[in-house]
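Inspection log for the structure reproduced underneath, given as structure tokens.
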Amino acid sequence: QLTLVESGGGLVQPGGSLTLSCVVSGGTSDYYAIGWFRQAPGKEREGVSCMRSRGGTMNYADSVKGRFTISRDNAKNTVYLQMNSLTPEDTAVYYCAADVDDVPLPTRPSNGNEYDYWGQGTQVTVSA
């Protein structure tokens, strides 16, 4: 049983930056992929960026490529999402999720339906 806790959301001006954190506990070696997903009001959930827990393979949504960076600190059991050049279109609740199935990482993030464990989410609002 994994527990994921996100933090780092907040209000930021367009062009600004935020770093989200996701602390994983309860069997931290028992997942094969971990990712960030987001859901804006009235929109479906979309994948932002995911990475394999071993090997470091990662993917990004086209809308965030070049602006967002996913990374991991194994010693802290924490996954990060560095977000730069934020726009109002990035406003959403951001979720961290873990997949316990050993399957290849797709070229682009899915909507997360196959992910098994989810955090509670953290709000990111980009507004002047």
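Quick note: numbers below take in every heavy atom, side chains included, and nothing from hydrogens, waters or symmetry partners.
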Test side-chain contact (heavy atoms from CB on, under 4.5 Å) applied to Leu11 and Val124, step by step
CA-CA 6 Å; Leu11 173 64; Val124 172; over 6 Å; no
Rounded to the nearest 0.5 Å, what separates atom CE in Met83 from atom CH2 in Trp36?
8.0 Å
What residue pairs, at least two apart or across chains, pass disulfide (SG to SG under 2.5 Å) with a residue in residues 35-79?
none
When you group the ILVMFWY residues by side-chain heavy-atom contacts below 4.5 Å and let the links chain together, are Tyr95 and Tyr60 in the same group?
no
Reported CD-to-OG1 distance for the pair Gln13 and Thr125, which is rounded to 0.5 angstrom
13.0 Å
Side-chain contact test, heavy atoms from C-beta onward, threshold under 4.5 Å: evaluate it for Gln123 versus Thr91 and give yes or no.
yes
Co-membership, hydrophobic cluster, residues Tyr80 and Leu2, 4.5 Å side-chain:
no
Indicate if Val93 and Leu18 have the same hydrophobic cluster label, given that clusters are the connected sets of ILVMFWY residues with side-chain heavy-atom separations under 4.5 angstrom.
no
Using modelled atom types only, decide if a donor and an acceptor are shared between the side chain of Ser53 and the backbone of Tyr31 within a distance under 3.5 Å.
yes
Between the side chains of Thr78 and Asp73, does any donor sit under 3.5 Å from an acceptor?
no
How many angstroms lie between atom CZ of Arg45 and atom CD of Gln39, to the nearest 0.5 angstrom?
7.0 Å
Return the set of residues passing salt bridge (Lys or Arg N to Asp or Glu O under 4.0 Å) with Asp101 (not counting sequence neighbours), or none when no residue passes.
none
So which pairs with a foot in residues 81-98 pass salt bridge (Lys or Arg N to Asp or Glu O under 4.0 Å), sequence neighbours left out?
Arg38-Asp90, Arg67-Asp90
If you measure from the Lys or Arg side-chain nitrogens to the Asp or Glu carboxylate oxygens, is any gap between Asp102 and Arg52 under 4.0 Å?
yes
CD of Gln120 to CD of Glu6, rounded to nearest 0.5 Å, is 4.5 Å
For Lys76, check salt bridge (Lys or Arg N to Asp or Glu O under 4.0 Å) against everything at least two apart and list the hits.
none
Among residues at least two apart in sequence or on other chains, which ones pass side-chain hydrogen bond (donor to acceptor under 3.5 Å, both in side chains) with Thr19?
Gln82
Pairs involving residues 98-128, ordered by first then second residue, that meet ring-ring contact (aromatic ring centres under 6.0 Å, His included) (sequence neighbours left out):
Phe37-Tyr115, Phe37-Trp118
For residues 106-124, pull every pair meeting salt bridge (Lys or Arg N to Asp or Glu O under 4.0 Å), keeping only residues two or more places apart or in separate chains.
Asp62-Arg108
Just to verify, what does Pro88 make a side-chain contact (heavy atoms from CB on, under 4.5 Å) with, not counting sequence neighbours?
Pro14, Val126
With clusters built from Ile, Leu, Val, Met, Phe, Trp and Tyr whose side-chain heavy atoms come within less than 4.5 Å, directly or transitively, what are the remaining members of the cluster of Val23, listed by chain and number?
none
Any side-chain heavy atom of Leu81 within less than 4.5 Å of one from Thr69?
no
Of all the heavy-atom pairs spanning Asn59 and Leu105, show the shortest one and how long it is.
ND2-CG, 3.6 Å
For Leu20 versus Thr122, what's the shortest heavy-atom pair and its separation?
CD2-CG2, 4.0 Å
Can you list every pair that meets disulfide (SG to SG under 2.5 Å) and has a residue in residues 68-128, with sequence neighbours left out?
Cys22-Cys96
Rounded to the nearest 0.5 Å, the CZ atom of Phe68 sits from the CG atom of Asn84 at a distance of 8.5 Å
Sequence neighbours left out, what passes salt bridge (Lys or Arg N to Asp or Glu O under 4.0 Å) with Asp99? Give chain and number order.
none
Validation row: Ile70, Val79 side chains within 4.5 angstrom (heavy atoms):
yes
Across all chains, not counting sequence neighbours, the salt bridge (Lys or Arg N to Asp or Glu O under 4.0 Å) partners of Arg72 are none
